[in-house]
Amino acid sequence: MPAKIIDGKKIADSILGKLKDKIKNSRQKPGLAIVLVGSNPASEIYVNSKEKSFEDVGGYCERHDLNEGISEIDLLNLLNSLNNNPKIHGILVQLPLPKQIDENLVTNSISPHKDVDGFTSVNLGHLFSENTILAPATARAVLHLIESTDIKIEGKNAVVVGRSNIVGKPVAMMLLEKNATVTICHSKTKNLVEHTKKADILVAAAGKPKLIKKEMVKEGAVVIDVGINRVDGRIIGDVDFENVKEVAGFITPVPGGVGPMTIAMLMENTLKAMELENKIKS
Ligand SMILES: NC(=O)c1ccc[n+]([C@@H]2O[C@H](COP(=O)([O-])OP(=O)(O)OC[C@H]3O[C@@H](n4cnc5c(N)ncnc54)[C@H](OP(=O)(O)O)[C@@H]3O)[C@@H](O)[C@H]2O)c1
């Protein structure tokens, strides 16, 4: 039987609808600042879509489009002013940044309470203490999509392909927290198929088009495709969707899976950041 398709767009729309109601009934508007450096076409598409979604739910969005050649100090000064701006509850700096700028330094210059991407070392560190404040949006999206299947995560073999700090590692930590037995694979993993074939839950976050083939997937597995790859003018995932859906139990499409859910999680994080700030002030 072919896999059930996990409709990330539908689930995200339902979350955004609830956020919209919550914001409508709130006396305060959440404020999001989006910082884009340079004119990378993919980054522009992501930023436009985040801006539109945030405005659609009724938030206040402030966009800072900066010149490719901006100095590190000027960018840090902007972040400092946004950290201190009471109208702004969440700050997003779209990655990647140009070579002259230290991405790690910039990311960690965002106040952890406004870090709605969840990329600062403080927020990533909280994942280890099971005391998350603002967790990485894509990882939250992945967990949400897995949970939408009603499959019990506890005790399952979960395999995450990819170990980046912003996707693979946080996803693995969150699955571990839910009591899955987690394996993390990467580019130096020998015999990838040996691992993926044992996965009840398989998360592909390698950035390699169609890396995960049908014969690498266990029958009935939940397959979550995080990959966004541009091939011949189309966007495709890390999973060979058409063939893998013949063996998987559940599968996310690309586009329409993790992407829209990540945006919904970002919006949710921004509202959470506003509520956190109010708690600190009171
Ligand atoms: N849908 C969304 O909202 C969303 C959000 C963020 C990212 N993404 C997409 O998700 C993908 C991953 O993003 P990222 O930022 O984590 O990428 P990344 O920083 O490039 O990390 C890729 C990871 O995949 C591993 N890898 C690469 N080739 C592999 C192979 N053949 N076999 C096994 N592992 C392999 C790498 O291993 P090494 O560590 O050994 O190099 C690395 O750990 C990209 O396509 C990105 O565009 C989507």
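Counting starts at 1 for both ligands and their atoms, in listed order.
Ligand-side atoms of ligand 1 in range of Thr262: 2 (C), 3 (O), range being under 4.0 angstrom from any heavy atom. Close contacts between ligand 1 and Lys208 involve ligand atoms 28 (N) [criterion: under 4.0 Å to a heavy atom]. Taking every non-hydrogen atom of Val161 and a distance limit under 4.0 Å, the qualifying atoms of ligand 1 come out as 33 (C), 34 (N). Listed by atom number, the atoms of ligand 1 under 4.0 Å from Gly259 heavy atoms are 1 (N), 3 (O). Heavy-atom contacts of Gly162 reach the following atoms of ligand 1: 23 (C), 24 (O), 25 (C), 43 (O) (cutoff under 4.0 Å).
Of the polar atoms of Arg163, at least one N or O is found under 3.5 Å from an N or O of ligand 1, judged by distance alone. For ligand 1, the polar-atom distance check finds no N/O of Asp238 at less than 3.5 Å from any of the ligand's N/O atoms. Taking any N or O of Ile228, backbone or side chain, at least one lies under 3.5 Å from an N or O belonging to ligand 1. Ligand 1 has a nitrogen or oxygen under 3.5 angstrom from a nitrogen or oxygen of Ser164.
Counting heavy-atom neighbours within 6.0 Å of Lys213 NZ, excluding the residue itself, gives a total above 12.
Regarding atom 48 (C) of ligand 1, its nearest protein heavy-atom neighbour is Val226 O, 3.1 Å. When hydrogens are left out, the protein atom nearest atom 31 (N) of ligand 1 is Leu211 CD1, 3.7 Å; that is the closest non-hydrogen contact. Looking from atom 33 (C) of ligand 1 to the surrounding protein, the closest heavy atom is His186 O, 3.2 Å. Summary of contacts: the protein heavy atom closest to atom 44 (C) of ligand 1 is Gly207 CA, 3.6 Å. In terms of protein heavy-atom proximity, atom 5 (C) of ligand 1 is nearest to Thr138 OG1, 3.2 Å. Closest to atom 7 (C) of ligand 1, if we only count protein heavy atoms, is Val167 CG2, 3.9 Å. Protein heavy atom at the shortest distance from atom 26 (N) of ligand 1 is Ala206 CB, 3.8 Å.
At a cut-off of 3.5 Å, with distance as the only test, a side-chain donor of Tyr60 or Glu62 sits close to an acceptor on the other residue.
The pair Lys22-Glu275 meets the salt-bridge criterion, with a side-chain N (NZ, NE, NH1 or NH2) lying under 4.0 Å from an Asp/Glu carboxylate O. Between Lys218 and Asp200, at least one side-chain N (NZ, or NE/NH1/NH2) sits under 4.0 Å from a carboxylate O, which counts as a salt bridge. A salt bridge between Lys197 and Glu215 is absent, with no side-chain N of the basic residue lying under 4.0 Å from a carboxylate O of the acidic one. One finds a salt bridge joining Glu147 and Lys178 here, because a Lys/Arg side-chain nitrogen approaches an Asp/Glu carboxylate oxygen to under 4.0 Å.
Atom-to-atom distance recorded for Met174:CE and Thr132:OG1 is 6.5 Å, nearest 0.5 angstrom. Rounding to the nearest 0.5 Å places CD1 of Ile88 at 10.0 Å from CD1 of Ile34. Taken from OG1 in Thr270 to CG in Asp117, the straight-line distance is 9.0 Å, to the nearest 0.5 Å. Here the CD1-CD1 distance, from Ile224 to Ile212, works out to 13.0 Å after rounding to the nearest 0.5 Å.
In this structure, Ala205 has a heavy atom closer than 4.0 Å to ligand 1. Within the 4.0 Å heavy-atom shell around ligand 1 one does not find Thr189.
For atom 3 (O) of ligand 1, the nearest protein heavy atom lies under 4.0 Å away.
The two residues Leu92 and Leu266 make their nearest non-hydrogen contact at CD2-CD2, 3.5 Å.
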Please lay out, stage by stage, how Glu277 and Lys272 fare under the test salt bridge (Lys or Arg N to Asp or Glu O under 4.0 Å). CA-CA 9 Å; Glu277 196 192 84; Lys272 193 171 173 193; over 6 Å; no

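Considering each of Val160, Val171, Ile166, the one bringing a non-hydrogen atom nearest atom 15 (O) of ligand 1 is Ile166. Counting heavy atoms only, Ser187 comes closest to atom 40 (O) of ligand 1 of the residues Ala137, Gly8, Ser187.
For the pair Arg140 and Asn269, the minimum side-chain heavy-atom distance is below 4.5 Å.
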